[in-house]
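The shown structure was predicted, so the numbers you read here are calculated from the model rather than taken from an experiment.
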Amino acid sequence: MDPYSAEGELINIHNHFHQGQYQEVADFDVATLSPENALPARVLQLRALVALGRADEARADVQGETDPALEAVGALADQALGSAEAAVRTAERLAQTAADNATVQILGGTVLQAAGKSEEALALLGQHQGSLDAVALIVQIHLQQNRNDLAVKEVAAARRWAQDSLLVNLAESWVGLRLGGEKYQQAFYVFEELAQAPATSSVRTLVSQAVAELHLGRTEEAQAALDQALTKAPEYAEAIANMLVLNVITGKSSEELASALHKADAQHPFLTDLAEKSELFDKAATKYKAKVAA
Amino acid sequence: MQASSGMLTKFESKSSRAKGIAFHPKRPWILVSLHSSTIQLWDYRMGTLIDRFEEHDGPVRGVDFHKTQPLFVSGGDDYKIKVWSYQTRRCLFTLNGHLDYVRTVFFHHELPWIVSASDDQTIRIWNWQNRSLLCTMTGHNHYAMCAQFHPKEDLVVSASLDQSVRVWDISGLRKKHSAPTSMSFEDQVARANANQTDMFGNTDAVVKFVLEGHDRGVNWVAFHPTMPLIVSAGDDRLIKLWRMSETKAWEVDTCRGHFQNASGCLFHPHQDLILSAGEDKTIRVWDLNKRTTVHTFKRENDRFWVIAAHPEINLFAAGHDNGVMVFKLERERPASSVYQNTLFHITKDKCVKSYDFQKNVESPTLLSLKKLGSPWVPPRTISYNPAERSVLVTSPADGGSYELVNLPRDGSGAIEPTESKRGPGNSAIFVARNRFAVLNTAAQTVDIKDLMNNTTRSFKPPLGTSDIYFGGTGNLLIITPTAVHLYDIQQKKTTAELAVNGVKYVVWSNDGLYAALLSKHNVTIVTKILEQVSTLHETIRIKSATWDDAGVLLYSTLNHVKYTLLNGDNGIVRTLDQTVYLVRVKGRNVYCLDRAAKPRILQIDPTEYRFKLALVKRNYEEMLHIIQNSSLVGQSIIAYLQKKGYPEIALQFVQDPATRFELAIECGNLEVAVEVAKELDRPKLWSRLSAEALAHGNHSIVEMCYQKLKNFDKLSFLYLTTGDNAKLTRMAKIAEHRGDVTSRFQNALYLGEVEDRIQMFKEIDLYPLAYMTAKSHGLEEECQSILEATGLTEEQLSLPTFGEPLTPPKPVVPTYQANWPTKETSQSVFEKALSGQLEGLSLEDQPAAANGLGEAGEEEGARQDLLGEADEEEDAGGWDMGEDIAVEVEEGFVNVESAEAGGAASSEADLWARNSPLAVDHVAGGSFETAMQLLNRQVGAVNFAPLKPRFIEVYQASKTYLPASAGLAPLVNYVRRTVEESDPRKVLPVIPRDLEYLASNDLQRGYNTMKTNRLEDGVKIFKGILHAVLINAVGSDSEAVEAKKLIASASEYTVAMSIELARRALGTADAVGKNAQLTRRSLELSAYFTIPKIEVPHRQLALFNTMNLAIRSKNYNSALSFANRIIANGAAGKILESARKTKAQCERNPNDAVEIEFDQFAEFEICAASHTPIYSGTAHEECAFDGSKYHSKYKGTVCAVCEVCEVGKHGSGLKLFA
């Protein structure tokens, strides 16, 4: 039986992970699991550690392990710790040797994509056999490549065999937010459902809900959700970035948030992108000049 | 009865056999006449026996309430008909005449008549006003069992054991007894004769039809309220339906089913049903049209003798061997569901309708549910799914079923659902956008189903589950008879449980944080994780509840609308004359559904609960507002405040001195306490006050209290402790004066005056003590004199050893001069506000003060000086005029809505950039270069640096960051202003600070700077507006026009403010005054300041400023022209007054001391760069964007106003709308 299915042992820890409740994953009691599920659970917990910013612990945990899955975790931790090259090297090696391992696919794909090697990532992930994690990643990569059409197809295919799974719902919502129109509302329902139920709520889901509200033009509600997220985790870069966007849209001052974002994540795409654009502006502006100097 | 479904028993009484029943038409009362000779009056709603009437001898078989008068009539086996007043609770009179048992009595619906049927085989009509027998109707040849008036026509129907039913025409009787009209003599004779014939025949009441068909005696007969139908019940166990026309009557059909004598029957007042009751212990309900059984209700042991219907509401009563029961046939609660501002409800004829709370309109029928369940069973619940716009309806028919139907977009008449999913179940609700839960109570399972009606999961709920409700996202509230469970669907387990008995309904608050659990007599408020917040008990039934937006629960009982706060405080909002089901509260309106399922709006006064809520939340502003604007003061609110620990607030309301004193003491407000104590002047109050004041350390009040109480000892001690020796001395004198030795001694002790004490001891002959005192203080001389006086020697005395003499400590600090730092009095913000101490919270609604126009009270001189001294303007803080100028905001800025774009591309940002002709869309897409190109082409923009903040702002607003897979960068999505649009060729980016925002925010701020004389800021703001409009989009041509207006206005303000700023930059008033050149320029600039087309009130400011300046420079002629313009502009107040004065003053000497280039009669505009006039007709250049004017020589420079565009470069014009 698929351990991630609704009746499986790993359903809860797996859902926790994808709902962004990493602490719950890390605290999950794995002692009661059957032996064959021990490794996947451990991988999930290690991934949660990485997501919680404790990549060093994860790295230490898998040091010297030879299981490809744990090596993949090591690559992920490496990347989080800043040694992207080593991570990519490991990932590429694993892609050659153990491409049929689901964990290798997922983590290798993540590492490769994060390093900007989308094609390789897709090639590795494409070998998955009914792994929703892989599907979600593929969808995300397609979206990052702006291949909305492929993302839609991927979700539709997954929907057929994994009807009501959390990951399918999430992936569909990601696509929905890109497509817009009525899809905004549907995506919103999914995120809201997750964010507002105490059992599934997390900063990530709250921010996702807020993003959906923002796209729906409901700025007040978005504000409320972001406030909730920021009370939970004041340093969460995504929450700050989206709050910043929201403030700009509603005409409020955003300087304080900008510096907060700088503090939380100086490499956040919002900031790098902005710096780039600022430069672009200055460069473009020099092309024009008044005929007569005042 | 227990086994029967559908019938809802509302009341049961235990008594001997009930033979007659009557409902009161208005009040919740029922009269029951018993076989034991008693008549009972019950309140069936409260279940209480109101009264008993016992004057009949033997069984009482018939009773009836009068429709309007406080009367009822009864008839019994003592042959008597009695008319009673239930107000005076006694029998008014008795109508005698019948010769055997009286079976039934009924009032006529309008005439003062009573009809009675008796075993003496007659039916009689009586007039209860003159207490006479009007008519005796003979014809039946066995007991007459029942006789009733027709509700409208002049007919009587009667039933008899002679197996016949007779219909009597009594129009003759009415004619005879109606008010006499003009009558000829013949008529009168005829009438007199007619009267006589009464003795023999019955011309007043003649038999119209004799209906034969029953094989046995007929026990009961009744008319249909509207149709020409009659129903009768007989000992042949049959219920027969008869129809009549003008001329004949015939049997229509027979309802077979009773297996014992049928004793009573009637038509349902509103529905096409017949009800009958029989000695076979059943009540049966029949379909009037099909004559088939709809329901059968069986009672275990009691035979039914009579059945009656309430004339107005859907209630019935039946009398049986051991009492009566009041029941209804079906639930009357209309199924309803509220989503945001819409109510969805099911009407009586089973149609789904919606009601818009904002527009207060009911939609046409959206959907017809005629086919759901059985025709006589209304649906129980409706659950609405906004995502799919579908409803889930449950019906109790056939053991429970549900149906899932999509609602049409807009209703247009009764629409049969085209497609529906159905299944068995007792309760069904949506739990998520694409999931619903179905409870099957018999099988005790809950199925979670998807929209295709497939079960996706299924679980066993806790034992004895009776109902399920939405429990917040992903959760169910499962109701069992003794507890409520919060059940997590995903984890399939109960996450919380709360023991509450008999919950029937669950109502969620609007924010989803709280839920109210309603049971029959209790309301329990819980949080979303099922923690109990509060609970309350009602003695009468709770029907429904709804939440106020502020978190107040309003609930309805049978006869009240009440509220409860989260902390459990509750109260009555208003009374109800009929039962309603609350669905929504908005302001003073409560929306509800009545029993006919019609939406109704009730007006309520939310003051009380809002006040209490404000109190709980310590929202003093709100409280103040309420106190000012409503008459809330009453004993109850005072008691409430005191009880809840807000005596200081209660104090504000109380007039009664005694109460005021109590409250003042309680909240430690000594001032008030003293005030009241003085007023009342009672020792008890003073002593309480002294104790309280002492606790506060407020010794001056303590002193006053002791003085009032004449409590000398305490007073002395107080002076000692506060070190007030002067007063202590005075106390000693008083004590001496009073001859109170103890007190004197004490005071002397306190004062440390040894001589005084010795003297005192001597005076009262206590020489030993005097000696001891003297000795201990080493006053040997005194000792000797005492010894001499007493004739003793030192040797004769045995003295104890002395220690050091005690002297009272000397005061170091003059504490008595002032109170000690007194205990913090609990003077709340609220109190301060009430006493007007708190700024901005005072009771008077101050006009939005501090508009910066300065204080009116400032000196005249300062006023004159101010504008001359440009450099001081910051300190002076504003134009020195006490004038509040309200600027009308330009209305009519509309939302920026859809525009269009075209094409297809890869990233959405690229789409915007590539295809929209608007610069703003390019900016949002990050394509700054093309945006600049566009602006350059459109308005000749060349200097982009000032636009950078706006570029960045627009760009920043365009993207969101969605956290997706762990370990990867967030997904970037593009925020659209076309939210509804999904066609990639039509999507457009969101624009921060759109036109509407600018008009209602930035523009107003700009106006404000003008009013408050902060011109540097003003210039910045108006330039900011220009930049924001330049990079913007609008939704329509008319909005584009508005945008143009905004640009023009901002431009004029910028020019005006720049001119004035330039003038101020010339130097201080003194410096300018000394230099003729500067004076002249200063005057010119000030004159130009009045030229730009700014709002009139602002122009008045400019003119006033300029006028004063002109006067000071003795340019009376110019001043006169400015004064004239001010006067021409009108408006009111000081400026105008001042202008009039100036005008009068200047008219005496209309000459200018300084010649300036300003021709008040010429038409000209101001060059924005040089601030000199451009006379009409001369060549000039302008900025293509903001329209500011320049002398030709400035062509090619950057516009001084917008700082972006090149002067004189004419582009294609700014495009804001594609």
Side-chain angles (χ1 to χ4, degrees), chain A residues 6 12 15 20 47 50-51 76 80 110 113-114 136-137 140 143-144 146 164 174 177-186 189 192-193 196-200 204 207-208 211 214-217 238 241-242 244-245 248-249 251 269-270 274 277-278 280-281 284-285 288-294, chain B residues 387 432-433 450 456-457 472-475 488 490-491 495 512 528-529 906-907 926 928-929 932 936 941-945 948 951-953 955-957 959-973 975-976 979-982 987 990 992-993 997 1001 1169 1195-1198 1200 1206:
Chain A
N12 281 337
N15 278 354
R47 286 173 70 188
V50 174
L76 185 72
T110 308
Q113 168 66 12
L137 275 172
Q140 176 162 6
L143 288 176
Q144 280 179 340
N146 289 316
D164 196 27
W174 300 339
L177 277 187
R178 186 59 70 77
L179 297 179
E182 284 181 6
K183 296 279 184 352
Y184 280 151
Q185 184 67 27
Q186 288 177 9
Y189 283 129
E192 188 214 38
E193 205 170 316
Q196 297 307 322
T200 56
R204 290 172 81 86
V207 170
S208 305
V211 167
L214 216 157
H215 280 277
L216 282 161
E238 251 61 75
N242 285 308
L244 228 168
V245 173
V248 173
I249 288 177
F270 181 88
L274 205 61
K277 286 295 170 186
S278 171
L280 172 72
F281 181 94
Y288 300 91
K289 224 197 271 122
K291 269 184 218 140
V292 185
Chain B
R433 151 190 66 96
D450 65 12
T456 60
R457 52 178 67 200
T473 318
N475 289 307
D488 188 310
Q490 194 90 68
Q491 299 179 31
T495 52
K528 65 174 176 181
I529 50 169
S906 46
S907 150
F928 291 175
E929 279 183 51
M932 287 179 187
N936 183 267
V942 288
N943 181 29
F944 286 98
K948 187 168 175 183
F951 266 58
I952 298 293
E953 180 185 16
Y955 181 69
Q956 278 182 337
K959 287 181 295 188
T960 59
Y961 299 88
L962 177 71
S965 302
L968 288 183
L971 275 172
V972 171
N973 286 306
V975 192
R976 298 168 183 169
V979 172
E980 311 267 310
E981 193 56 69
S982 60
V987 295
V990 73
R993 290 202 291 150
Y997 182 92
N1001 288 288
K1195 185 174 164 73
T1197 59
V1198 172
E1206 188 179 311

Interchain contact, B:A941 with chain A, by part (heavy-atom threshold 4.5 Å)
backbone

side-chain contact (heavy atoms from CB on, under 4.5 Å) with B:Y961: of A:V207, A:V211, A:L244, A:N242, only one passes, and it is A:N242

Side chains of B:L968 and A:L137 in contact at under 4.5 Å (non-hydrogen atoms):
yes

When the 4.5 angstrom heavy-atom criterion is applied to B:V975 and chain A, the contacting part is both

Measure A:L177 against the heavy atoms of chain B and call it side chain, backbone, both or neither at under 4.5 Å.
both

Given a strict heavy-atom distance threshold of 4.5 Å, which part of A:Y184 is in contact with chain B: side chain, backbone, both, or neither?
side chain

Engaged part of A:A114 at the chain B interface, taking heavy atoms whose separation is under 4.5 Å
both

Are any of the side-chain heavy atoms of B:Q956 and A:V245 separated by less than 4.5 Å?
no

Is there a side-chain contact between B:N943 and A:Y288, using heavy atoms and a 4.5 Å cut-off?
no

Is the shortest heavy-atom distance from the side chain of A:F270 to the side chain of B:K959 under 4.5 Å?
no

Partner chain A: residue of B:I952, B:T495, B:N1001 with the largest heavy-atom pair count (under 4.5 Å)
B:I952

Just wondering, are more than 12 heavy atoms of other shown residues or ligands nearer than 6.0 Å to NZ in B:K948?
yes

Please flag which part of A:K289 lies under 4.5 Å from any non-hydrogen atom of chain B: side chain, backbone, both or neither.
backbone

How many angstroms lie between atom CD of B:E980 and atom CD of A:Q185, to the nearest 0.5 angstrom?
9.5 Å

For A:T200, is it the side chain, the backbone, both or neither that has a heavy atom under 4.5 Å from a heavy atom of chain B?
neither

Contacts of type side chain to side chain donor-acceptor pair (under 3.5 Å), residue B:E953, not counting sequence neighbours:
B:R950, B:R993

All ring pair (Phe, Tyr, Trp, His ring centres under 6.0 Å) counterparts of B:Y955, not counting sequence neighbours
B:F928

Pick from B:M932, B:K528, B:E1206, B:K1195: which one has the most heavy-atom pairs with chain A under 4.5 Å?
B:M932

Top contributor to chain B contacts, counting heavy-atom pairs under 4.5 Å, from A:A136, A:A285, A:S278, A:A80:
A:S278

Specify which of A:Q186, A:R178, A:Q196 makes the most heavy-atom pairs with chain B at under 4.5 Å.
A:R178

Please report the closest heavy-atom contact between A:Q140 and B:A969, naming both atoms and the distance.
NE2-O, 3.2 Å

For side chain to side chain contact (heavy atoms under 4.5 Å, CB included), just list the numbers for A:L280 and B:E929, CA-CA rounded to whole Å, side-chain angles, deciding distance to a tenth of an Å, and then say yes or no.
CA-CA 8 Å; A:L280 172 72; B:E929 279 183 51; 3.9 Å; yes

As an exercise, state the distance from CZ of A:R47 to OG of B:S965, rounded to the nearest 0.5 Å.
8.5 Å

Using a cut-off of under 4.5 Å on heavy-atom pairs, state which of B:A964, B:P992, B:A945 scores highest against chain A.
B:A964

Are A:Q144 and B:V972 packed together at the side-chain level, in the sense that at least one heavy-atom pair is separated by less than 4.5 angstrom?
no

